[in-house]
Amino acid sequence: MTAPFLQVLAAALPDLRLTTDAADLEAQRGDETADLEPPLPLAVAFPASTAEVAALVRLAAAHRVPLVPRGAGTGRSGGAIAVAGALTVSLVRMSRILEIDEGNRAVVVQPGVVTADLMKAVAAHGLVYAPDPASYETCTIGGNLATNAGGLSCLKYGVTRDAVLGLEVVLADGAVIRTGGRNVKDVAGYDLAGLFVGSMGTLGIITEATLRLIPMPAPRQTLLAFFPTIEASGEAVAGMVRDGVQPCTLELMDAFTIRAVNAACALGLDETAAAMLLVESDLPAAAGAEELDRAERACATAGVSLLVRSQDAAEADMLRQGRRMAHWALDAVGVSRMEDVVVPRSRVPDLLRAIHEIGDRRGMRIGVFGHAGDGNLHPCFILDREDPTGAARLREARGDLFRAVLALGGSVTGEHGIGVAKKAWLEPTRGADAVRVMRAIKAALDPLGILNPGKML
Ligand SMILES: Cc1cc2nc3c(=O)[nH]c(=O)nc-3n(C[C@H](O)[C@H](O)[C@H](O)COP(=O)(O)OP(=O)(O)OC[C@H]3O[C@@H](n4cnc5c(N)ncnc54)[C@H](O)[C@@H]3O)c2cc1C
């Protein structure tokens, strides 16, 4: 069936870029998720328009050929990895910014736009696209929408879903629907945009998005706070949340990560500290200073040992380097396996304690950093490069971590998604009845099961 399908596709859509070249298949096989061994895709299609996507999906449905939508392949849960016998549909050629609507503070984009390109384009109009995944220089808006990506400013500005006004989506039968548009309020019917955001390509292919923009805030002022215990840093986060301090960034790094960052780029961060918080305000000068004063008071109450405040924008940028480098610095220490878990923000101290207990119990090195203000941390398990027991110990430690997170009322993924990597943990997280509802939605929207099969459910 497969080769004939490609012939039908090529004949029906002669302008569609379609490749079975071995190097192309290899390049589109995996994503940034470790320890997966995906097969090669049947072929890779690079549609250039909504009409081409719709026609392609109609043909795939007629021939029962599964499809894997794909953006830049930076995903960390295996959402875009190839599926045996499936056509991978890369949206990267649909990369136009269609309109910047300053009057409505909105932008209309195709899914293949790289997030950084969108940010740059709207900045020229004094506007900001607020969701800011750390991968913004490479990931695409389509991937951000399909994973409901988070980032470093979610605490104040929300996640990708909060920036969505409307979507254009190609359904599993090739029909094209629009959900929402430029209205900031619109409650006609079910919230279909909300349904497609975070659905990881299992319910439809997003071909256009209308996104909310905000006015450019003031340059950021930055504070680093070092703590003698990991719990104290968690208490400071909980204290800020309790006191209503809402900085635009509230990030954490533990001692292991601090040392790794210093080793990688000699930033001179305080290595005697057990943890560090990066706090940023983007309020105008005096208000920003006042916000950081309030953050400092919460840190002092929690028992901070050292506070470092930026004097100007260049120094602020230098102070934030450490957090930017955390992931790469840990990767230099050993084989780093990053996790993505979230708990209610008041439980951050408990989560940090639980992570370190797991490290002690399993004899594993764990570096922790992440979006503490959202309760969303990225514990990174560091394996030795030549350790035959590493994979098994990692599996056990991950199980411990997810059980601890669920016991704290959290979730096994804050922003990377279930994908294939955490499928086994969806039901323990959401419950059997909720997963039954998800399956019913999937069956209603994709009765043939051709959209990204085997992902999430
Ligand atoms: C260094 C690094 C840092 C990262 N930092 C963050 C972070 O701060 N926050 C965060 O949330 N994530 C982060 N990620 C993970 C990743 O970048 C995000 O999940 C991102 O949103 C994926 O975008 P992408 O274009 O690479 O999508 P892909 O990986 O190609 O795809 C991701 C999912 O979206 C689906 N998809 C893609 N395009 C479409 C479409 N048009 N229609 C329907 N489905 C589609 C795919 O099928 C897949 O399920 C990071 C990754 C790396 C490598």
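Please read these numbers as outputs of a predicted model, since none were measured by experiment. Both counts, for ligands and for their atoms, begin at 1 and track the order of listing.
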Say whether Thr249 and Arg320, considering side chains only, have a donor N or O and an acceptor N or O under 3.5 Å apart. no

Among all protein non-hydrogen atoms, which one is nearest to atom 11 (O) of ligand 1, and what is the separation to 0.1 Å? Gly150 N, 2.9 Å

Show the atoms of ligand 1 that are less than 4.0 angstrom away from any heavy atom in Gly201. 43 (C), 44 (N)

Within the 4.0 Å heavy-atom shell around Gly204, which atoms of ligand 1 are there? 43 (C)

Identify the two heavy atoms, one from Ile97 and one from Ala121, that lie closest to each other, and give their separation to 0.1 Å. CD1-CB, 3.5 Å

Please compare Gly78, Ala80, Ser90, Pro69 and report which has the shortest non-hydrogen distance to atom 31 (O) of ligand 1. Ala80

Check whether any side-chain N or O of Gln246 sits under 3.5 Å from a backbone N or O of Leu155 as a donor-acceptor pair, and report yes or no. yes

Distance check, rounded to the nearest 0.5 Å: Leu330 atom CG versus Arg365 atom CZ? 10.0 Å

To check your reading of the model: name the closest protein heavy atom to atom 25 (O) of ligand 1, its residue, and the distance in Å. Thr140 OG1, 2.6 Å

Closest non-hydrogen atom pair, Leu42 against Thr20: O-CG2, 3.8 Å

With respect to Thr74, determine whether any N or O atom, backbone or side chain, lies less than 3.5 Å from an N or O atom of ligand 1. yes

Going by the atom numbers of ligand 1, which of them fall below 4.0 Å from some non-hydrogen atom of Met200? 47 (O), 49 (O)

Do you see a donor-acceptor pair shorter than 3.5 Å between the side chains of Asn144 and Tyr129? no

Are more than 12 heavy atoms, taken from residues, nucleotides or ligands other than Arg324, located less than 6.0 Å from that residue's CZ atom? yes

Heavy atoms only: give me the nearest Ala295-Met240 pair and the separation to one decimal. CB-SD, 3.9 Å

For atom 7 (C) of ligand 1, which candidate among Glu415, Glu32, Gln110 provides the closest heavy atom? Glu415

Is Phe402 close to Val341 at the side-chain level, that is, under 4.5 Å between some pair of heavy atoms? yes

Would you mind checking which non-hydrogen protein atom is closest to atom 27 (O) of ligand 1, with the distance to 0.1 Å? Gly143 CA, 3.4 Å

I need the nearest protein heavy-atom contact for atom 29 (O) of ligand 1: residue, atom name and distance, please. Gly75 N, 2.8 Å

Would you tell me which option among Gly142, Gly370, Cys139 has the nearest heavy-atom contact to atom 38 (N) of ligand 1? Gly142

Hey, what do you get for NZ (Lys422) to OG1 (Thr33), rounding to the nearest 0.5 Å? 10.0 Å

Heavy-atom pairs closer than 4.0 Å: do any link ligand 1 to the side chain of Asn144, the backbone, both, or neither? both

Identify, by atom number and element, the atoms of ligand 1 in contact range of Ala149, meaning under 4.0 Å from any of its heavy atoms. 11 (O), 21 (O)

Atom 8 (O) of ligand 1 - nearest protein heavy atom and its distance: Ala134 N, 2.8 Å

Note: Thr147, heavy atoms under 4.0 Å from ligand 1, region reported as side chain

Which of the numbered atoms in ligand 1 are below 4.0 angstrom from a heavy atom of Ala146? 34 (O), 35 (C), 36 (N), 44 (N), 45 (C)

Do Glu168 and Thr207 have side-chain N/O donor and acceptor atoms under 3.5 Å apart? yes

Nearest 0.5 Å, please: how far is CD1 in Ile81 from CG in Asn452? 9.0 Å

Near Leu91, which atoms of ligand 1 are under 4.0 Å from a heavy atom of that residue? 41 (N)

Between Arg76 (side chain) and His416 (backbone), is there a donor-acceptor pair under 3.5 Å? no

Enter the distance from Met325:CE to Leu269:CG here, rounded to the nearest 0.5 Å. 11.5 Å

Nearest neighbour in protein (non-hydrogen) for atom 41 (N) of ligand 1: Ile206 O, 3.0 Å

Applying a 4.0 Å heavy-atom criterion (strictly less than), which segment of Pro111 is in contact with ligand 1: side chain, backbone, both, or neither? side chain

Answer with side chain, backbone, both or neither: which part of Val68 has a heavy atom less than 4.0 angstrom from an atom of ligand 1? neither

So which bit of Lys455 gets within less than 4.0 Å of ligand 1, heavy atoms only: side chain, backbone, both or neither? neither

Just one of Val53, Leu56, Asp446, Val83 clears the side-chain contact (heavy atoms from CB on, under 4.5 Å) bar with Leu67, so which one? Leu56

Interfacing atoms of ligand 1 (cut-off 4.0 Å, heavy-atom, Gly79): 47 (O), 48 (C), 49 (O)

Report, in ascending order of atom number, the atoms of ligand 1 lying under 4.0 Å from any heavy atom of Asn452. 47 (O), 49 (O)

Can you report which non-hydrogen protein atom sits closest to atom 1 (C) of ligand 1, along with the distance? Arg76 NH2, 3.8 Å

Closest to atom 14 (N) of ligand 1 among protein heavy atoms sits Ser135 OG, 3.6 Å

